[in-house]
Amino acid sequence: MEVIRVPGVMRQTAKGHLLRGRTIGFVPTMGALHRGHLSLVSRCREENDVAVVSIFVNPAQFGPSEDYQAYPRDVEGDMEKLRAEGVDVLFIPDVDGMYPEGFATYVEVEGLSERLCGAFRPGHFRGVATVVTKLLNIVRPTRAYFGLKDYQQAVIIRRLIADLDIDTEMVGCPTVREDDGLAMSSRNLYLSPAERKAATVIYRTLCQAEEALLSGGKGFAEVRSLMERGLAGEPLVKEVQYASLFDPWTLADISSMDANIYRGRTVLLAVAVVIGRARLIDNKLVEVPGVDQVRP
Ligand code: AMP
């Protein structure tokens with residue numbers, strides 16, 4: 001595995017592969033890799049001639065009171081995992097390489113960035129959109145792989161790729177979970193054993209809300225309050241930032257809408273909670289049954 005730290009070197013290496021007619025697959029990450037990340041890496045490896053992974057904890061996407069300094073870092077362990085996955089290139093730039101003195105240009109995806117997590121993390125998606133645009137310009141991948149665990153991020157990146165005419169196909173990949181349903185996340189490392197156990201309430205609540213939608217008897221507002229009550233009922237949940245139903249394309253909150261409008265269509269159930277010092281998110285896409293498909 002080639003390890004590249006300088007953006008200009010990464011750009012030349014990618015150019016060399018492209019000139020030889022090879023496809024490049026790319027997985028951007030912030031490191032502290034777990035099986036969720038590795039599922040993206042393995043798919044990237046399978047579908048492309050050259051697999052590139054980046055590790056960069058991007059300061060631009062952390063708010064001043066957020067966990068940039070504390071964010072888990074394990075470069076040695078990550079390298080071992082990526083070597084075992086057969087990754088060709090690890091791109092691991094430093095902050096000065098990505099944001100040299102005088103850096104002044106940011107990418108904003110309007111509308112989508114203000115919803116869900118955007119309301120609680122001002123500037124977060126501006127930082128994400130900026131770094132992803134830079135990484136895609138440096139690596140110039142044929143395909144880039146993103147997890148649907150960060151559903152809003154995936155929608156925003158799909159939008160920016162289309163809007164900025166970036167020549168990359170975005171591939172959304174399913175959420176990898178622990179055996180008890182908790183979505184894998186580098187931030188799960190922040191949880192004490194009791195908090196880790198309490199965190200299972202997140203996926204349980206999403207599944208209960210899904211059941212309620214599939215059985216057809218409940219309106220959206222009722223499903224929303226079922227989710228809020230489920231999460232708030234766990235004593236170790238310090239804060240429920242949002243727990244609601246959203247349109248999967250526009251990310252608009254649809255919990256006050258008539259469920260009949262979404263019959264035969266997909267809705268996004270999404271939550272963000274704080275447990276201990278971890279802010280955890282998760283989501284589930286649910287196809288609302290058509291009028292003739294309501295389960296008994
Ligand atoms: P991060 O290192 O948190 O920036 O994540 C890097 C990529 O891995 C993003 O596209 C995430 O959506 C994806 N990812 C993180 N956790 C999971 C998971 N549990 N399942 C699938 N993809 C994930």
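For ligands, and for the atoms within them, numbers begin at 1 and follow the listed sequence. It should be emphasised that the depicted structure is a prediction, and the values quoted were computed from it without experimental measurement.
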Would you kindly specify which portion of Leu40 sits under 4.0 Å from ligand 1, judged on non-hydrogen atoms: side chain, backbone, both or neither?
side chain
Any N or O on Pro28 sitting closer than 3.5 Å to an N or O of ligand 1?
no
Once you measure the plane-to-plane angle for Tyr262 and Phe220, does it fall in the parallel (<30°), tilted (30-60°) or perpendicular (>60°) bin?
tilted
Closest non-hydrogen protein atom to atom 4 (O) of ligand 1, residue and atom name please, with distance?
Met30 CG, 3.5 Å
Closest protein heavy atom to atom 5 (O) of ligand 1, given as residue, atom name and distance to 0.1 Å
His37 NE2, 3.4 Å
Taking N or O atoms only and a 3.5 Å limit, does Val176 qualify as a polar contact for ligand 1?
yes
Basic-acidic side-chain contact under 4.0 Å: Asp180, Arg196:
yes
Under 6.0 Å from the ring centre and within 45 degrees of the ring axis: does the NZ or CZ of Arg73 meet both conditions for the six-membered ring of Tyr68?
yes
Below 4.0 angstrom, N of the basic side chain to O of the carboxylate: do Lys81 and Glu85 qualify?
no
Note: Asp49-Arg20 ion pair, threshold 4.0 Å (strictly below)
no
Between Met184 and ligand 1, does any nitrogen or oxygen pair lie at a separation below 3.5 Å?
yes
Measure the distance from atom 11 (C) of ligand 1 to every protein heavy atom, then report the residue, atom name and distance (to 0.1 Å) of the closest one.
Asp150 OD2, 3.1 Å
Of the side chain and backbone of Pro174, name the one, both, or neither that has a heavy atom under 4.0 Å from an atom of ligand 1.
backbone
Arg279/Asp67 ion pair, N-O < 4.0 Å:
no
May I ask you to check whether Tyr145 has an N/O atom sitting below 3.5 Å from an N/O atom of ligand 1?
no
So is there a nitrogen or oxygen of Gly147 less than 3.5 Å from a nitrogen or oxygen in ligand 1?
yes
Heavy atoms only, cut-off 4.0 Å: how does His34 contact ligand 1, side chain, backbone, both, or neither?
side chain
